[in-house]
Amino acid sequence: MTRTTTENHRRHPLAVRRRIRRLAALAGAAAVAATATAGCGAIGDALGTSVDRYEAACALLVDGSGSAGEAPDGFDAEAKLASSLPDFLADRECRTLAYAPITRASEGSLCQAEPLDLDPDADATLDRDELRASQRAVASGRALELLECAREHSPGSDVIGALDRVATAAPADGEAFSVLVVSDFVQRDSSFELPHEDLTTPESRAALLDDLAERGRLPEGLAGATVYPSGYGMRLSRDSDAYADFDAFWTELLEGRVGADVDATYQR
């Protein structure tokens, strides 16, 4: 994956590279442990010494737009990742984590991160909590790399397209799917920009949603999923009326049209 650097990273390039190398080393260690002991794990299962394994499917969307910069001007995507992603992965007991970038054209973005197994096969005697913690650290490293790529390649904020892209990772059997979205949700793509749209009445919002539906822009495959925003509407928080209209639009889109649930647990 091609990387870029934020202004903050330019000031501290060695620190960033060291952090990513350290996380990559953890990934390698976890992979070696899983590969070397997979057979032992099977034996442990046979002997009844296996541990309960996580099963939940999860996903992460990261916003690389200009508004993702440091506070107070931006919602600080890096800080939001640090504060929300580890808790999200642990609280939801995520077994798998899929990724999608939020860019100017999210569905066609070249930025990608390989899905991650957060509770991989290993010897049943291995400390499972330590293994999961190391995999969550790897997940954070991949998230930072994806964020850097999104900032370099077509930065924008096509949240709708990213939701549609990650829906392909939803379980086919209708099992729970948890999606953490690190974004302020200020949609900006080549054909739809929320700052220029009228969100002030139920009728105007419905007309916008009808238009998106007619153009095939509404995300599919997320019915029953739970969306966890982090950074949501932060740049509108000082204008209560604008925030209320903005919130009404996304609530109607995600819950009313897409059929997902929205949970503010990681909004902080």
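All values below were derived from every heavy atom in this structure, side-chain atoms included, with hydrogens, water molecules and symmetry-related copies excluded.
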**Q** Determine the interplanar angle of the F246 and Y243 rings, folded into 0 to 90°, and report it as parallel if under 30°, tilted if 30 to 60°, perpendicular if over 60°.
**A** tilted
**Q** In sequence, state the C-alpha distance, the side-chain angles, and the governing distance for T103 and H153, and then conclude on side-chain contact (heavy atoms from CB on, under 4.5 Å).
**A** CA-CA 7 Å; T103 66; H153 294 281; 5.8 Å; no
**Q** So for atom CD, which belongs to E193, do other residues, nucleotides or ligands contribute more than 12 heavy atoms lying within a distance under 6.0 Å?
**A**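 It does: E193 CD has more than 12 such atoms within range.
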**Q** Are I160 and L218 connected in a single hydrophobic cluster, I mean Ile/Leu/Val/Met/Phe/Trp/Tyr linked by side-chain heavy atoms less than 4.5 Å apart?
**A** yes
**Q** Which residue pairs satisfy the ring-ring contact (aromatic ring centres under 6.0 Å, His included) criterion with at least one member in residues 156-180, sequence neighbours excluded?
**A**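 Non-adjacent pairs meeting ring-ring contact (aromatic ring centres under 6.0 Å, His included): zero.
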**Q** Enter the distance from S204:OG to E197:CD here, rounded to the nearest 0.5 Å.
**A**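 S204 OG to E197 CD: 9.5 Å, rounded to 0.5 Å.
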**Q** Rounded at 0.5 Å granularity, tell me how far OG in S106 sits from CD in Q187.
**A**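 Here the interatomic distance stands at 7.5 Å.
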**Q** Start with the C-alpha gap between E78 and R151, add the side-chain angles, then the distance that decides, and say whether salt bridge (Lys or Arg N to Asp or Glu O under 4.0 Å) holds.
**A** CA-CA 12 Å; E78 289 186 40; R151 284 172 167 165; 3.2 Å; yes
**Q** Can you tell me how far apart OG1 (T265) and CG (L180) are? Round to the nearest 0.5 Å.
**A** 10.5 Å
**Q** Would you say that V262 contacts Y232 through its side chain, given a criterion of any heavy-atom pair below 4.5 Å between the two side chains?
**A**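 Not touching, per the 4.5 Å side-chain cut-off.
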**Q** Give the minimum heavy-atom separation between I102 and A150, together with the two atoms involved.
**A**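 Residues I102 and A150, closest heavy atoms: O-CB, 4.1 Å.
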**Q** Under the side-chain contact (heavy atoms from CB on, under 4.5 Å) rule, what do R205 and L253 come out as? Steps first, then yes or no, please.
**A** CA-CA 9 Å; R205 294 191 295 269; L253 188 156; over 6 Å; no
**Q** A side-chain contact here means heavy atoms from C-beta on lying under 4.5 Å apart; do P101 and R165 qualify?
**A** yes
**Q** Restricting to non-hydrogen atoms, name the atom on L131 and the atom on S134 that form the minimum distance, rounded to 0.1 Å.
**A**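 Heavy atoms only, the tightest pair is O-OG, 2.7 Å.
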**Q** So, taking the atom named CD in E252 and the one named CZ in R257, what distance separates them when rounded to the nearest 0.5 Å?
**A**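 One finds 8.0 Å between CD of E252 and CZ of R257.
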**Q** Side chain to side chain donor-acceptor pair (under 3.5 Å) with R136: which residues, sequence neighbours excluded?
**A**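 In terms of side chain to side chain donor-acceptor pair (under 3.5 Å), with neighbours along the sequence ignored, R136 is linked to no residue.
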**Q** Work out which heavy atom in L61 is nearest to a heavy atom in A162; give both atom names and the distance.
**A** CD2-CB, 3.5 Å
**Q** I'd like to know whether E220 forms a side-chain contact (heavy atoms from CB on, under 4.5 Å) with D164, so could you lay out the CA-CA distance, the side-chain angles of the two residues, the decisive distance to 0.1 Å, and finally the verdict.
**A** CA-CA 6 Å; E220 297 182 357; D164 200 43; 4.2 Å; yes
**Q** Okay, side chain of R95, backbone of D119: is any donor-acceptor separation there less than 3.5 Å?
**A** yes
**Q** Is there side-chain contact between M234 and Q267, with heavy atoms separated by less than 4.5 Å?
**A**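 Yes. Closest side-chain heavy atoms under 4.5 Å.
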**Q** What distance separates L118 CG from C58 SG, expressed to the nearest 0.5 Å?
**A**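 Output value for this atom pair is 7.5 Å.
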**Q** In terms of heavy-atom contacts, does CD of E255 have more than 12 from other residues, nucleotides or ligands at under 6.0 Å?
**A** yes
**Q** Give a yes-or-no answer on whether the side chains of S157 and D63 include a donor-acceptor pair shorter than 3.5 Å.
**A** yes
**Q** Measure the shortest side-chain to side-chain distance between L163 and L254 over non-hydrogen atoms and say whether it is less than 4.5 angstrom.
**A** yes
**Q** Same cluster for F192 and V258 if Ile/Leu/Val/Met/Phe/Trp/Tyr side chains link at under 4.5 Å?
**A**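 Looking at the clustering, V258 is in the same group as F192.
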**Q** Which heavy atom in A113 sits nearest to a heavy atom in L146, and how many Å separate them?
**A**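 In terms of heavy atoms, the two residues are closest at N-CD1, 4.2 Å.
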**Q** In this structure, would L212 and L194 fall into the same cluster of hydrophobic residues linked by side-chain contacts under 4.5 Å?
**A** yes
**Q** Could you state whether F88 and Y54 fall into the same hydrophobic cluster, counting links through intermediate Ile, Leu, Val, Met, Phe, Trp or Tyr residues with side-chain heavy atoms under 4.5 angstrom apart?
**A** no
**Q** List the atom pairs, donor and acceptor, that lie under 3.5 Å between side-chain atoms in residues 224-231 and the rest of the protein, sequence neighbours left out.
**A**
| from | atom 1 | to | atom 2 | distance (Å) |
| --- | --- | --- | --- | --- |
| Y228 | OH | R92 | NH1 | 3.4 |
| S230 | OG | Y266 | O | 3.1 |

**Q** Could you measure the distance from the OG1 atom of T201 to the CG atom of D245? Nearest 0.5 Å is fine.
**A** 8.5 Å
**Q** Is any NZ, NE, NH1 or NH2 atom of the basic residue among D211 and R217 found under 4.0 Å from an Asp or Glu carboxylate oxygen of the other?
**A**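 No, this pair does not count.
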**Q** Check whether Q135 reaches the backbone of D117 with its side chain - one donor and one acceptor, N or O, closer than 3.5 Å.
**A**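 At least one qualifying donor-acceptor pair exists.
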**Q** Give the minimum heavy-atom separation between V182 and A77, together with the two atoms involved.
**A**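 Looks like CG1-O, 3.9 Å.
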**Q** Please tell me if the side chains of L81 and L60 come closer than 4.5 Å, counting only heavy atoms from C-beta onward.
**A** yes
**Q** Please report the shortest heavy-atom distance between V186 and P195, naming the atom on each side.
**A** CG1-CG, 3.8 Å
